[in-house]
Amino acid sequence: MIWRSVVGKLWGTILLLVSVVLVILTILLLQFFERFHITEAEEQLTNHANVIVSVLESQEDPSASQGTVEKIAGSYNTSVIVMQGDNNWEYADEEEAGVHLPLSIFQQDSRLSPVQEDRTSVITHGDFPTEEDGEEVHNEIFVVGMPFVSAEGEEGSLYLYQSLDIIEDTTGETKQIILLSAGIAIILTTVFAFFLSSRITAPLRKMRQLVLNVAKGDFETKVPILTNDEIGQLGNAFNKMRRELNRNITALNQEKEQLSRILTSMADGVITIDRKGSIAVTNPPAQRFLYSYHYDSGIADPQDRLPKEVKKLFQKVVALEQEQWIEMDVQGRSFVVLMTPLYDGEFVRGVVAVIRDMTEERRHDKLRKDFIANVSHELRTPISMLQGYSEAIVDDIAGSEEEKKEIGRIIYDESMRMGRLVNELLDLARMEAGHIQLEKQWVDIYSFADKVYKKFQGLAREADVQMTLDKHGEKKLVYMDQDRIEQVMTNLIHNAIRHTSEKGSVHIVVNTAGSGWTVEIQDTGSGIPEEDLPYVFERFYKADKARTRGKSGTGLGLAIVKNIVEAHDGEIAAHNRREKGTIFSFYLPYPEQEE
């Protein structure tokens, strides 16, 4: 339809604008000419009345002036009525004046009577109805009434009237001229507007065809520039856009090829899923994972079908808009699926899933756990034997009293050491299996720190080590498992005292500022070799023998400490001091509702 095109809209806009202007102008002109004709008729009748009054006032004999008055009235197409005492006469030519009124109207009408009664001039127009053959006839006339005094001093009244139809005929002719002019103007405007809009939109139609060519991939198309106006500038902008679009598409194709090669070379599987749950992109490891799953599940057509576990994880990610992960076993291998939402502005438009084969890691974890379990099992029997021998020696089965006590003390110490090893191995195994249970409660951290500090004062004095405690921050209550955190601090402080030489110092700092609380244990010992720092929290790690001063531990304490801290969603670290010594620190966050 033409109204949906630029030509139709531009043509319609111009035509509507000109039509509105012409209509307003026509209305104003009609009103102006109507007022002009009425004003002109009023002035003419008033001038004629003044002339006739001057004639009547200059003649002594009213009959002598009647002929002159009738000639004047006849020459200007008006009717005249003169009232002077009992001598009333009129001159009315209905063909010329357009209407004939009886004398009674001029004597009785309230609009005309002031001429006779008040001796004032009257100029009025309106409806003056008369009766003809028993029917009321309405007459629209223009009347001018003036009083006069004859040469003999006798008062009289003069009325000149004329039908308004004569004025309306003149106004009608003027209206026809104006309407004819407006019609001609609208026709010319229509032709001009259609011609102008067609000329303006011709380059746009050409440009539209070129845009369609570009949409089909023809980036070599160029818009010819014929003018320097806005359309020419639009053509320049289109050519610039074409070049930039060609460059950007080339760059996108290169990035797409690069991304494809990266995905192909990745060891981890990658699957991109749209919001509807359909697979959009996969790489070879992901395809092998899907094939293995579908083969294991007995699905004949595995194309574009997600495993049910992955589909449930996808629905959870879309609903919560958070990263989620699961672990799956497929054909005897263990896979971890990590799924992250992809956003389009504020909305999730899909997810990307990374699939990692964790079979070897799980095998190593199982070996380590089995090792702990086996070591624990194997150590229980010798522990029992050692305790039995110690009881036998105590029961005087051995030789001398001195030998009994010495051997018994050694056996008993070793049995206790091995018992601690077994207990620590079991604790560590439970923690790593996720079976650790925390009994959290609100604890006054400053009182708790004082309690732990006093607990080691005796050991510090025996080792000739100076121990100090600093507390910072206004927050006192923290949410934690008091026994487990005491186990952490006991292990760290005991290690610090044990590995600090005489006359050294151990400094404990508790800080409750920020989004969590921090504990630092600083010692002035020999420090930890830099190459050993990354492994201090692994099981069975032991520092250099010179550092232990002959008091070797089980090597499980720091591993247990790390598991306890991580169970509290915290972090632990070890650093060598710039001067001599080591710093062990752990951080525990406050609960979310308290932050």
Chemist: Could you tell me which non-hydrogen atom of Asn283 sits nearest to which non-hydrogen atom of Gly269, and how far apart they are?
Modeler: OD1-CA, 3.4 Å
Chemist: Let's go through Leu558 and Lys562 carefully: what are the C-alpha distance in whole Å and the side-chain angles of both, what is the deciding distance for side chain to side chain contact (heavy atoms under 4.5 Å, CB included) to 0.1 Å, and is it a yes or a no?
Modeler: CA-CA 6 Å; Leu558 291 180; Lys562 181 181 180 183; over 6 Å; no
Chemist: Is there a side-chain contact between Asn248 and Thr250 (heavy atoms, below 4.5 Å)?
Modeler: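 No. Closest side-chain heavy atoms not under 4.5 Å.
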Chemist: Is there a side chain to side chain contact (heavy atoms under 4.5 Å, CB included) between Asn491 and Ile560 once you walk through the steps?
Modeler: CA-CA 9 Å; Asn491 189 292; Ile560 294 174; over 6 Å; no
Chemist: Who pairs with Ala573 by side-chain contact (heavy atoms from CB on, under 4.5 Å), at least two apart in sequence or on another chain?
Modeler: His575, Ser585
Chemist: For the atom pair CD (Glu323) and CG (Leu313), what is the distance rounded to the nearest 0.5 Å?
Modeler: 10.0 Å
Chemist: Within this structure, what is the OG-CE distance for the pair Ser292 and Met328, rounded to the nearest 0.5 Å?
Modeler: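 CE of Met328 is found 10.5 Å from OG of Ser292.
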Chemist: Find out whether Gln324 and Phe314 are in side-chain contact, i.e. whether some heavy atom of one side chain is under 4.5 Å from a heavy atom of the other.
Modeler: no
Chemist: Could you report the tightest heavy-atom contact between Ala574 and Val536, atom names first, then the distance?
Modeler: CB-CG2, 4.1 Å
Chemist: Can you tell me how far the NZ atom of Lys476 sits from the CG atom of Asp444, to the nearest 0.5 Å?
Modeler: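 Between Lys476 NZ and Asp444 CG, I get 6.0 Å after rounding to 0.5 Å.
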Chemist: Could you tell me whether the side chain of Val488 reaches within less than 4.5 Å of the side chain of Phe586, counting heavy atoms only?
Modeler: yes
Chemist: Any non-hydrogen side-chain atom of Leu342 less than 4.5 Å from a side-chain atom of Val351?
Modeler: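 Sidechains of Val351 and Leu342: no contact.
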Chemist: Is the side chain of Tyr453 donor-acceptor paired with the backbone N or O of Ile508 at a distance under 3.5 Å, no angle test?
Modeler: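 Looks like no, no N/O pair under 3.5 Å.
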Chemist: Side chains of Tyr293 and Glu309, heavy atoms from C-beta outward: is any pair under 4.5 Å?
Modeler: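 Side-chain contact under 4.5 Å: yes.
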Chemist: Mind running side chain to side chain contact (heavy atoms under 4.5 Å, CB included) on Phe584 and Val519 for me, showing each step along the way?
Modeler: CA-CA 8 Å; Phe584 280 87; Val519 176; over 6 Å; no
Chemist: Indicate the atoms forming the closest heavy-atom contact of Pro284 with Thr264, along with that distance.
Modeler: CD-CA, 3.8 Å
Chemist: What's the shortest heavy-atom distance between Val506 and Asp523, and which atoms?
Modeler: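 Where Val506 meets Asp523 most closely, the heavy atoms are CG2-CB, 4.2 Å.
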Chemist: Would His568 and Asp481 count as a side chain to side chain donor-acceptor pair (under 3.5 Å) here? Give the steps.
Modeler: CA-CA 8 Å; His568 282 78; Asp481 186 327; 5.5 Å; no
Chemist: Count the heavy atoms belonging to other residues, nucleotides or ligands that lie under 6.0 Å from CD of Glu571, then report whether that count exceeds 12.
Modeler: no
Chemist: Within the distance-only criterion (no hydrogens, no angle test), does the side chain of Thr524 pair as donor or acceptor with the backbone N or O of Gly504 below 3.5 angstrom?
Modeler: no
Chemist: If we only count heavy atoms from C-beta on, is the Val330 to Arg333 side-chain gap below 4.5 Å?
Modeler: no
Chemist: Sort and list the pairs that fulfil salt bridge (charged side-chain N to carboxylate O under 4.0 Å, His left out) and have at least one residue in residues 262-288, not counting sequence neighbours.
Modeler: Asp268-Arg356
Chemist: With Asn239, which residues qualify under side-chain hydrogen bond (donor to acceptor under 3.5 Å, both in side chains), at least two apart?
Modeler: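 Once residues adjacent in sequence are excluded, Asn239 has no partner under the side-chain hydrogen bond (donor to acceptor under 3.5 Å, both in side chains) criterion.
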Chemist: Is any side-chain heavy atom of Leu477 less than 4.5 Å from a side-chain heavy atom of Val443?
Modeler: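 Leu477 does not reach Val443 side chain to side chain.
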Chemist: Which salt bridge (charged side-chain N to carboxylate O under 4.0 Å, His left out) pairs, counting each pair once, include a residue from residues 245-262, with sequence neighbours left out?
Modeler: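 Matches after skipping sequence neighbours: Glu244-Arg247, Glu257-Arg261.
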Chemist: Hey, what do you get for CD (Glu360) to CG (Asp365), rounding to the nearest 0.5 Å?
Modeler: 11.5 Å
Chemist: May I have the list of side-chain donor-acceptor pairs in residues 459-467 shorter than 3.5 Å, sequence neighbours left out?
Modeler:
unit_1: Asp464; atom_1: OD2; unit_2: Lys503; atom_2: NZ; d: 3.2

Chemist: Crowded around Phe347 CZ? As in, over 12 foreign heavy atoms under 6.0 Å?
Modeler: no
Chemist: Does NZ belonging to Lys311 count more than 12 external heavy atoms closer than 6.0 Å?
Modeler: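 No, because the 6.0 Å sphere around NZ of Lys311 holds 12 heavy atoms or fewer from other groups.
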Chemist: When rounded to the nearest 0.5 angstrom, what distance separates CD1 in Ile521 from NE2 in His494?
Modeler: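 The CD1 atom of Ile521 sits 13.5 Å away from the NE2 atom of His494.
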Chemist: Does any N or O in the side chain of Asn576 come within less than 3.5 Å of the main-chain N or O of Thr582, such that one atom is a donor and the other an acceptor?
Modeler: no
Chemist: One thing to verify: whether Glu439 and Arg484 come together as a salt bridge, which I'm taking to mean a side-chain N less than 4.0 angstrom from a carboxylate O.
Modeler: no
Chemist: When rounded to the nearest 0.5 angstrom, what is the spacing between CE in Met266 and CD1 in Ile262?
Modeler: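 Between atom CE of Met266 and atom CD1 of Ile262 there are 9.0 Å.
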Chemist: Might you work through the side chain to side chain donor-acceptor pair (under 3.5 Å) test for Asn246 and Arg243, ending with a clear yes or no?
Modeler: CA-CA 5 Å; Asn246 188 20; Arg243 292 192 299 269; over 6 Å; no
Chemist: Between Thr512 and Tyr590, is a side chain to side chain contact (heavy atoms under 4.5 Å, CB included) present by the stated rule, with each step listed?
Modeler: CA-CA 10 Å; Thr512 60; Tyr590 296 130; 3.5 Å; yes
Chemist: Evaluate Glu327 against Arg362 for salt bridge (charged side-chain N to carboxylate O under 4.0 Å, His left out), listing each step before the verdict.
Modeler: CA-CA 11 Å; Glu327 188 166 348; Arg362 296 294 178 265; 2.6 Å; yes
Chemist: Give me the ring orientation class for Tyr479 and Trp442: parallel if the planes are under 30° apart, tilted from 30 to 60°, perpendicular past 60°.
Modeler: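 Answer is tilted, since the angle falls between 30° and 60°.
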Chemist: What are the two closest heavy atoms between Met480 and Trp517, and how far apart are they?
Modeler: SD-CZ2, 3.5 Å
Chemist: Please enumerate all residues that pass ring-ring contact (aromatic ring centres under 6.0 Å, His included) together with Tyr295, with sequence neighbours excluded.
Modeler: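 Scan of Tyr295 (ring-ring contact (aromatic ring centres under 6.0 Å, His included), adjacent residues dropped) gives none.
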Chemist: Show your reasoning for whether side chain to side chain donor-acceptor pair (under 3.5 Å) applies to Lys455 and Thr490.
Modeler: CA-CA 9 Å; Lys455 176 180 176 181; Thr490 297; 3.2 Å; yes
Chemist: Name the residue from Ile271, Val318, Val310, Val352 that meets the side-chain contact (heavy atoms from CB on, under 4.5 Å) definition with Met339.
Modeler: Val310
Chemist: Any side-chain to backbone donor/acceptor pair from Asp329 onto Gly332? Under 3.5 Å, distance only.
Modeler: no
Chemist: Do you know the tightest heavy-atom contact between Ser334 and Thr359?
Modeler: N-OG1, 3.0 Å
Chemist: Any side-chain heavy atom of Phe456 within less than 4.5 Å of one from Ile497?
Modeler: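 Yes, at least one pair of side-chain atoms sits under 4.5 Å.
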Chemist: How far apart are the C-alpha atoms of Phe289 and Phe335, what are their side-chain angles, what is the distance that settles it, and do they pass the ring pair (Phe, Tyr, Trp, His ring centres under 6.0 Å) test?
Modeler: CA-CA 9 Å; Phe289 165 78; Phe335 294 91; 5.1 Å; yes
